[in-house]
Structures are given as C-alpha cells and as structure tokens.
Protein chains: 2
Amino acid sequence: MVMNSEQDESCLVCRLRYYIDISDRDERLLRKLEENQISIAAKADLNAQDNIDSLFVVKSGWLYSYVDLDETSRQVLRIHYPGDVVGLTDVAMQESFGTVKAATKAVLCPFPKKHLDDIFTQSPRLTALIFSLGMLEQVVLMDRLKIIGRMSAVDRVAHFLLEIHARLKIHAPKDVDGEFDIPLTQEAIGDAIGLTNVSVSNALTQLEFDGYLRCNKRRVTFREMEKLKEKINFKDRYFKIDTKWFPDA
Amino acid sequence: MVMNSEQDESCLVCRLRYYIDISDRDERLLRKLEENQISIAAKADLNAQDNIDSLFVVKSGWLYSYVDLDETSRQVLRIHYPGDVVGLTDVAMQESFGTVKAATKAVLCPFPKKHLDDIFTQSPRLTALIFSLGMLEQVVLMDRLKIIGRMSAVDRVAHFLLEIHARLKIHAPKDVDGEFDIPLTQEAIGDAIGLTNVSVSNALTQLEFDGYLRCNKRRVTFREMEKLKEKINFKDRYFKIDTKWFPDA
DNA sequence: CGATATCTTGATTATGCTCAACGACAGTGG
DNA sequence: CCACTGTCGTTGAGCATAATCAAGATATCG
C-alpha cells in the first residue's frame with residue numbers, strides 16, 4: 001500500500017466507520033494515533049523493547065503475534081491485518097506477551113498508551129466501539145480455542161481459512177471474493193491451530209480432494225464455501241456488532 | 001456466601017479495588033450494577049434468552065461458559081468466579097456465544113448493557129480498568145490457546161490448575177494457599193483444555209506420581225508448586241496490571 | 001544461477017481417544 | 001435406614017489421529 005502524503009487515508013478510521021459513524025471530532029482523535037509511522041521488513045520481529053509503552057496501528061501488511069515454548073515449538077496467537085491495533089493486550093500488563101512478527105513487509109503507526117486516555121476521556125462512543133472490538137477479538141480467540149481443542153486437523157485448517165476470508169471480506173472487500181492470498185507459511189498456519197506443517201499440508205490436500213477449496217502458491221480459492229461452512233458449522237463473527245447500546249456522539 | 005442486607009459487600013468493587021483506588025462516585029456507579037440478583041442451581045444453564053441484553057456480576061459460586069460442537073463434544077471457554085462480569089463478550093454481538101452453566105449454586109446480579117454507558121460516559125478511569133481487565137482475559141485465553149495447541153496432556157492439566165490457583169489467590173487469598181477446592185468434574189476440566197475425562201484422570205495420576213500435587217475429592221493440593229511452575233514455564237497473569245497510564249479520578 | 005526456504009510424500013511412532021467394566025459416592029424415595 | 005439410581009472417577013485394551021523423521025521436489029530471493 002502506498003502512503004498518502006495528505007494523510008487522507010486512515011485504515012483505522014476506515015475500519016471503525018464500518019461499524020458506526022465517526023464524528024469529525026472523533027476522527028481527529030483517531031488520526032492522532034497515526035501521526036508517526038515505521039516500516040518493517042517481512043519476517044522481521046517487531047522489537048517491543050524499542051517501543052515499550054507503545055501500541056501500533058497497522059497501516060499495511062500482515063503481522064502475527066506468537067510465543068515460543070521451546071526451541072522447536074511455538075504458538076501463533078493472532079493475525080494482524082491493516083486497520084488493526086496491535087498491542088492492546090499488552091496494555092494491561094507490564095511485560096509484553098509474546099512477539100510480533102511481520103509476515104509481509106508492513107507499515108505501522110506507533111503511539112503511546114497515554115493516547116488511549118484521550119479517547120477514554122473525550123469520546124465515550126469511540127470507547128464503547130474499541131471496547132466492543134476488543135470483545136470481538138475475544139470471541140475470535142474462543143472460536144480458535146474451540147477448533148484447536150475439539151476439531152480434526154482438516155476441519156481446523158478449513159475453519160482457519162474461512163475465518164481469514166470473513167475478516168478480509170469486511171476490510172478489503174474488493175480483493176476478496178471466494179479467494180485471497182495468504183502470506184503465511186504452512187508452518188505458521190500450523191502454529192496458529194496446533195498442527196505441524198506436515199499436517200497442514202495433508203489437510204489442504206484432503207480439502208482439495210474433497211472439492212472444497214484449492215490452495216496453491218499461497219492463494220486460497222474456495223470452491224464450495226457454503227457447503228464447507230455448513231460442514232464445520234462456521235459462524236462469521238466479523239459481520240456485525242451490536243451498537244445500539246452505545247452512548248450518543 | 002451470605003448476602004449482606006446492607007449491601008455492604010460488593011464482590012465487584014472489592015475485585016476492582018485490588019487494582020486501583022475506587023472513588024465514592026465510582027463506587028456508586030458500580031453498585032448500580034448489583035441492584036438486582038437471581039439465584040441459580042448447580043448444573044443449571046443460565047438461560048440467556050430470559051436475560052437477553054443482560055450482563056451479570058457473579059456474587060457467589062463458580063460458573064463456566066461453553067459451546068457444544070455436537071452431541072458428544074463441547075469446549076469450555078472460560079471459568080467465572082465471584083466478582084467476574086459474565087457476558088461482556090456478548091456485548092459486541094447480537095447473538096450470544098455459547099451457554100453459561102453454574103458449576104455450583106450461584107448468585108448473579110443481572111444488569112442491562114446500557115449501564116455500561118454510564119460507566120463509559122462518567123468514569124474514564126473505571127473504563128480504563130474494565131478495558132484492561134478485558135485485555136487480561138484475552139491474555140488468559142491466549143495462554144489457554146498455547147497449552148491446548150502445544151502442550152502435553154499432563155502439562156495442560158498442571159497449567160490449568162495453576163491458573164485457577166493464581167486467580168483464586170488474588171480474590172480469595174484466605175481460602176487458598178497451595179490448595180483449593182475445584183468444583184469441576186474431570187469431564188469439564190477436559191472440555192476446557194481439549195482432553196477427555198480419561199486423559200485428565202490419567203494426567204492427575206501422573207502428576208501425583210511425580211510428586212507435584214494431589215487431587216482428591218475435588219480438592220487440589222500442591223506439593224511442589226514452584227518446581228511445577230518452572231517445569232511448565234507458568235506465568236501468573238493476574239498478579240498485577242499496568243495502571244500508570246490510566247486517566248486520573 | 002545458486003542458496004535457502006517451503007512444500008510434498010511416505011514410513012514409523014507416540015499420544016491421547018474410544019470403548020468398556022468396575023468401584024465409590026451422593027441423592028432419592030420407599 | 002437402606003436399596004436404588006445415576007454421576008463421577010479409575011483402569012485397561014485396542015485404535016486412530018497426528019507427530020516425527022527423512023528424502024525429494026518446488027519455489028523464492030538475492
């Protein structure tokens with residue numbers, strides 16, 4: 001993605017506008033979060049030490065956070081897409097949980113925790129939205145818990161791909177319609193859903209054999225998406241949230 | 001737990017006070033959440049339909065939320081203790097995610113989503129705290145993801161018990177010192193960490209054999225807690241949160 | 001073009017699941 | 001008070017799924 005020098009494009013504002021109207025005043029609050037930006041190369045770790053006390057808005061690229069268990073084992077916790085705020089979970093803690101790695105080259109906007117204050121004190125409506133999106137993230141984690149804890153390897157991979165598709169569909173609808181590029185190695189996918197790269201590969205072969213989808217060169221193409229959703233009882237969590245109870249602007 | 005007719009005891013206020021000072025004004029806001037209360041029998045499901053649009057403060061008892069995958073399989077997502085707010089994750093969504101079941105008989109205080117408004121609009125400081133505790137919950141979910149995705153059955157059980165101990169230690173320190181009662185069947189424990197009741201039983205036998213702990217009649221007694229924590233690299237997430245950036249009262 | 005990372009496939013192994021039987025225990029009603 | 005019932009926990013035998021190990025094929029990147 002190309003930077004717009006007029007700062008006319010804010011992924012974050014754009015993302016939030018999907019859910020509620022954003023007043024000019026609120027928009028100014030949000031743009032303050034994107035005043036600075038840094039670039040990061042693909043496969044590089046985001047060094048939290050350099051940016052302690054910082055949160056990040058993702059302007060472009062994919063990232064993911066993970067924890068290492070030992071030399072040979074890690075768990076990928078979350079995928080971060082453009083418009084996401086990275087590091088909110090560290091807000092609560094003094095030390096950071098896991099590491100953030102760039103899956104592609106990426107541009108981030110760092111901002112200090114203190115800027116959350118401004119939002120909390122000045123815009124109850126934005127606060128409610130950010131809070132709700134945090135809860136939505138929790139729901140996604142719980143879905144992940146469910147698939148890792150209780151589903152077969154094939155179903156886990158299917159669910160994971162459908163989840164990504166659902167998410168992209170909202171925030172990059174033009175690029176995504178039954179197919180999308182996934183800049184993750186099969187090892188990273190496995191680390192996200194509790195499998196080895198070998199099992200992921202086998203699962204993809206199986207899904208293709210069964211006619212549900214095709215995955216080639218990091219491009220996923222669904223063939224029978226509805227049938228697949230039904231088979232694994234997939235629910236799209238991203239589509240809408242309940243904003244009726246939000247404070248007025 | 002006995003109700004105090006003077007309403008002098010609020011689990012929620014007490015819980016939150018652990019982390020920050022609560023002003024009288026904020027305390028009144030919080031007490032509004034506990035104006036009503038309902039009782040629920042052990043093993044009963046909390047019928048969300050009856051209480052749509054409602055959140056609950058847990059006054060006493062243990063509960064847990066879960067989702068069914070099919071007739072034979074479910075995933076337990078979260079354990080709820082006194083002082084917890086149940087249903088926050090549903091705030092974001094129009095339909096509720098999973099079911100809440102009482103593990104013991106329990107007393108809950110239902111309140112409408114709208115009351116969150118009052119907090120968001122009137123107390124940025126409480127808002128920041130509630131937000132942070134939400135993030136803390138996410139961290140706990142990510143820990144769970146890690147153990148389910150990447151740890152052996154024995155280590156999962158050990159981690160799960162240590163997590164509960166850490167949580168109780170903060171909110172019921174008198175009752176908990178290296179041992180505690182756990183009102184969960186082995187089946188429920190298994191459903192929380194992706195195992196069968198059989199594997200949980202075997203894991204407990206193994207942990208006892210190795211001298212780490214003893215579990216009898218739903219009472220857990222640690223023998224070598226520090227050694228166990230080290231063995232599985234356990235981190236206590238509940239101990240403290242970063243409140244430095246919070247807005248002032 | 002060479003070097004490395006990633007993906008595929010097959011053989012073998014291990015971990016945890018399923019199924020089943022039994023024992024301990026709590027709650028119930030006669 | 002006691003048989004009856006159902007829930008819960010334990011144990012063992014056999015099985016299934018995914019992990020490990022390894023080799024080769026393909027893709028990516030400088």
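Numbered from 1 within each chain, the chains take letters A, B, ... in sequence-line order.
Atom CD1 in I148(A) sits about 17 Å away from atom C1' in dG16(C), given to the nearest Å. Following rounding to the nearest Å, K101(B) (NZ) and dT7(D) (C1') show an atom-to-atom distance of 13 Å. Atom CD in Q206(B) sits roughly 11 Å away from atom P in dG16(C) (whole-Å rounding). L204(A) has its CG atom 7 Å from the P atom of dT8(C), to the nearest Å.
In terms of phosphate contacts, Q186(A) brings no side-chain nitrogen or oxygen within less than 4.0 Å of OP1 or OP2 of dA5(C).
With a 4.5 Å cut-off on side-chain heavy atoms, H159(B) and D143(B) count as touching.
In this structure, the separation between CZ on R237(A) and CD on Q138(A) is 13.0 Å, given to the nearest 0.5 Å. The line from OG1 of T99(B) to CG of D68(B) is 6.5 Å long, rounded to the nearest 0.5 Å.
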Checklist entry - After noting the C-alpha distance and the side-chain angles of Q186(A) and L204(A), does the key distance pass the side chain to side chain contact (heavy atoms under 4.5 Å, CB included) rule? => result CA-CA 10 Å; Q186(A) 295 184 356; L204(A) 287 171; 3.5 Å; yes

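The two residues C109(B) and Q37(B) have their closest heavy-atom pair at SG-CB, 4.0 Å. Minimum heavy-atom separation, R156(A) to I147(A): CG-O, 3.2 Å.
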For nucleotides 11-30 of chain D, 5' to 3', base contacts (B), sugar-phosphate-only contacts (S) and non-contacts (-) with protein non-hydrogen atoms under 4.0 Å give B------SSBB-----S---

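Aromatic rings from H165(B) and F222(B) are positioned such that their centres are separated by under 6.0 Å.
Comparing the end axes of the helix from dT8(C)-dA23(D) to dG30(C)-dC1(D), each fitted to five base pairs by superposing C1' atoms of four pairs onto the next four, gives an inter-axis angle of 40° (nearest 10 degrees).
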